[in-house]
Each structure stands twice: as structure tokens, then as C-alpha cells.
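Since the structure is predicted, the reported quantities are computational estimates derived from the model, not experimental observations.
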Amino acid sequence: MNRSRIGYSVTGAALAILFLFPLLWSGWASVRTGSGFGLENYDRLFTSDNGVRPHHVINSLVVSALTVGGTLFVATLGGYAFGRFRFPGRDLLFLVTLAILMVPYATILIALYVLLGWLGLEDTLIGLSLVLIMFQLPFSIFMMRNSFEAVPRELEESAQMDGCASVGTLVRIMLPAVKPGLITVGLFAFLTSWSEFFAPLILLNSTDKFTTTLAVVNMRTASHGSIDYAALEAGVVFMAVPCLILFAFMQRSYVRGFTSGAIKG
């Protein structure tokens, strides 16, 4: 038994070091200067001609907020329908939803760009957010379906006996019961939208619409072959800090959200 615990501890420590090392190295490189250590790299990140500007951060926040809100809204309704109602073709429709996960999203970005053009949403933050919501929905609906299925049906039946309709039962009874699942879905949606690079690269053309990720990468492409690696590392750390803070505060609910569908009833 002790050997097993030692083995788990060693494996966990090795994995932690493996995943944390790139971030720690980026943090160290971001404060390293020619004369020692300081914040000069961050100063260049925010003050250089092609650096990160406040509107880039605002664009990222807007896209993240729209993506999180849209994903939670649609995934909650979809997960509630799949988890609590029976209707013809339910299982087939759910399998088709999951099958979307097998389609590499990069292969359909050009088609989505054309579709956004038809809708008048090309080169807009709303259009980018809609695309990111679509990418999140298969996994998010799967998570919410499991969360709703784990809630005892007695709670729902009691609410219906008290006169609650389906919408009232969802809002008053079911949503508080699946809070860990909502946090997990919202956290995943934020992490994806905040750090996404390829979709904004294809769907955004105007520099004033760039997200923070594109602004950081633009420092490299606009340097005429001279790459400021230290400032880029500062940008990596700047992008990672919000994700680390959110995960640190929500890790308990995050884990509970993943295990909420493991044991039903």
C-alpha cells in the first residue's frame, strides 16, 4: 500500500513538473534582462509600436464574455433536454452532437468565414464569438447532460407537484444542483476563447479588432525578422495569469463538475 502511494506521488510530481516547467520558464524569461531581472520586457510589451494595447485586452474580454454566456445558455438548455426529457431521436441527435468533436475545426474555418460574410458578421467580435460557441457546444452539452442526469428525479417531481413548470424547475431547482457543471463548462469556454489563436487569425482582418493573442503574435511578425523573445514571453505570462487565477479559485467546483455524472441518484 505504501509503495502504491509512493508511486502515485512520484508520478503526480513528475507530471506536475512536466506541465509547470514551460510556464515557470516563461515567467523566468519574462523578467530576465541583460543586466539582471526587471520589468523592462513587460514595458516593451505594452509600449512598443506593435505591442498590446488596452483595446486588445478589451476585445479578448468581450469575446470571452460572449463565448462563456452563449455556451452556458445553449449547453444548459441542450443538456437539460437530453438529460431530463424523452423525445423521438434523442439518442441519435445526441450522438450526432458528439460526432462533431471528431471534425477538426480548422478544416471548416474557411466555410464559416464565408457563412459569416453572408450574415454580415465577418471581421466582427460577435461573429468570432459565435464560431467559438459552436466549437464548445459538443463537449459542453455532454457535460451538462451528465450533470442533469446525476440530479435525483425526486427533486424535479417535488417541484412539479408544487406547481413549477419546466422552466421554473430548471431555474429554481436544477441550476443550483448542477452548479459545478456550469462552472466547468464556463471555465473551459473562457480558457478556449481567451487563448484561441487560429480562429481569430482567420476570422479577424482589422487590427483594431485583434484579440490579445493576435496582438502578442503580431509583435513577432511586425519586427522585420528581429524577434523580441523576452517581450513575447512577457505576453505569454500576461495571457496565462487570468487562467491561473480562475482555475485556482474554481478548481474544487471544476473537479466536482467532471465527477458529477459518475454516480447518479
Side-chain angles (χ1 to χ4, degrees), residues 15-16 18-20 22-23 57 59-83 94-109 112 125-151 170 174-203 211-214 216 236-262:
L15 290 175
L18 178 65
F19 286 106
L20 287 176
L23 184 59
V57 180
N59 290 341
S60 292
L61 292 175
V62 169
V63 170
S64 298
L66 292 175
T67 303
V68 171
T71 300
L72 286 175
F73 179 75
V74 178
T76 298
L77 296 180
Y80 186 48
F82 283 123
F94 183 67
L95 288 176
V96 171
T97 302
L98 291 182
I100 300 175
L101 289 171
M102 295 185 292
V103 180
Y105 80 89
T107 62
I108 61 175
L109 275 178
L112 291 174
L125 300 181
I126 295 178
L128 173 61
S129 301
L130 290 175
V131 171
L132 294 178
I133 290 171
M134 186 197 68
F135 293 155
Q136 288 295 305
L137 283 182
F139 169 78
S140 300
I141 291 176
F142 171 77
M143 286 293 303
M144 294 310 301
R145 173 182 179 265
N146 289 348
S147 298
F148 281 118
E149 284 188 338
V151 178
L170 172 63
M174 302 300 290
L175 289 185
V178 298
K179 182 179 178 181
L182 292 172
I183 291 177
T184 301
V185 169
L187 185 59
F188 257 91
F190 175 82
L191 295 178
T192 299
S193 56
W194 177 259
S195 60
E196 176 64 29
F197 167 71
F198 199 60
L201 178 66
I202 299 297
L203 302 177
T211 59
T212 309
T213 308
L214 289 182
V216 171
V236 170
V237 174
F238 176 75
M239 292 291 297
V241 167
C243 302
L244 293 175
I245 293 175
L246 277 178
F247 186 80
F249 280 102
M250 298 181 177
Q251 59 176 328
R252 194 168 293 180
S253 297
Y254 173 80
V255 174
R256 289 178 58 195
F258 265 109
T259 60
S260 60

Asker: Checking side chain to side chain contact (heavy atoms under 4.5 Å, CB included) between Phe135 and each of Val103, Ile100, Leu109, which is the one that passes?
Answerer: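 Exactly one pass, corresponding to Leu109.
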Asker: Show me the donor-acceptor pairs, under 3.5 Å and distance only, between side chains in residues 72-83 and residues at least two apart or in other chains.
Answerer:
residue	atom	partner	partner atom	Å
Thr76	OG1	Leu72	O	2.5
Tyr80	OH	Glu156	OE2	3.3

Asker: Answer yes or no: does atom CD1 of Ile126 have more than 12 heavy-atom neighbours from other residues, nucleotides or ligands under 6.0 Å?
Answerer: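 Not buried by this count: 12 neighbours or fewer within 6.0 Å.
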Asker: Locate the shortest heavy-atom distance separating Val68 from Gly186; write the atom from each residue and the value.
Answerer: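 Between these two residues, the closest heavy atoms are CG2-O, 3.7 Å.
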Asker: Return each pair, listed once, that meets salt bridge (Lys or Arg N to Asp or Glu O under 4.0 Å) where at least one residue sits in residues 63-79; pairs must be two or more places apart or across chains.
Answerer: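 Those involving residues 63-79 do not exist here.
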Asker: Nearest 0.5 angstrom please: Met134 CE to Ile108 CD1, how far?
Answerer: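 With rounding to 0.5 Å, CE (Met134) is 4.0 Å from CD1 (Ile108).
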Asker: Measure the spacing between CD1 of Ile202 and CZ of Phe197 and express it to the nearest 0.5 Å.
Answerer: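 Those atoms lie 8.5 Å apart.
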Asker: About how many Å separate CG of Leu128 and CG of Leu66, when rounded to the nearest 0.5 Å?
Answerer: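 Separation between the atoms: 9.5 Å.
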Asker: Please confirm whether the backbone N or O of Thr212 pairs with a side-chain atom of Ser60, one donor and one acceptor, at under 3.5 Å?
Answerer: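 Side chain of Ser60 to backbone of Thr212, a donor-acceptor pair under 3.5 Å: yes, one is there.
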Asker: Measuring from atom CD1 of Ile141 to atom CG of Asn146, what distance do you get when rounded to the nearest 0.5 angstrom?
Answerer: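 Ile141 atom CD1 to Asn146 atom CG measures 12.0 Å (nearest 0.5 Å).
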Asker: Decide yes or no on side-chain contact (heavy atoms from CB on, under 4.5 Å) for Phe139 and Leu98, but give the supporting numbers first.
Answerer: CA-CA 7 Å; Phe139 169 78; Leu98 291 182; over 6 Å; no
Asker: Measure the spacing between CG of Leu214 and CG of Asn59 and express it to the nearest 0.5 Å.
Answerer: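 Interatomic distance, Leu214 CG to Asn59 CG, rounded to 0.5 Å: 10.0 Å.
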Asker: Please round to the nearest 0.5 Å and tell me the distance separating atom CD of Glu196 and atom OG of Ser129.
Answerer: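 The OG atom of Ser129 is 11.5 Å from CD of Glu196, to the nearest 0.5 Å.
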Asker: Over all heavy atoms of both residues, which pair between Pro104 and Thr107 is shortest? Give the atoms and the distance, please.
Answerer: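 Here Pro104 and Thr107 meet closest at O-OG1, 2.6 Å.
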Asker: Answer with yes or no whether the side chains of Thr67 and Gln136 bring together a donor and an acceptor at under 3.5 Å.
Answerer: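 Per modelled atom types, Gln136 and Thr67 side chains form no pair under 3.5 Å.
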Asker: With Phe188, which of Val185, Leu191, Thr184 fulfils side chain to side chain contact (heavy atoms under 4.5 Å, CB included)?
Answerer: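 Exactly one option meets the side chain to side chain contact (heavy atoms under 4.5 Å, CB included) with Phe188, and it is Thr184.
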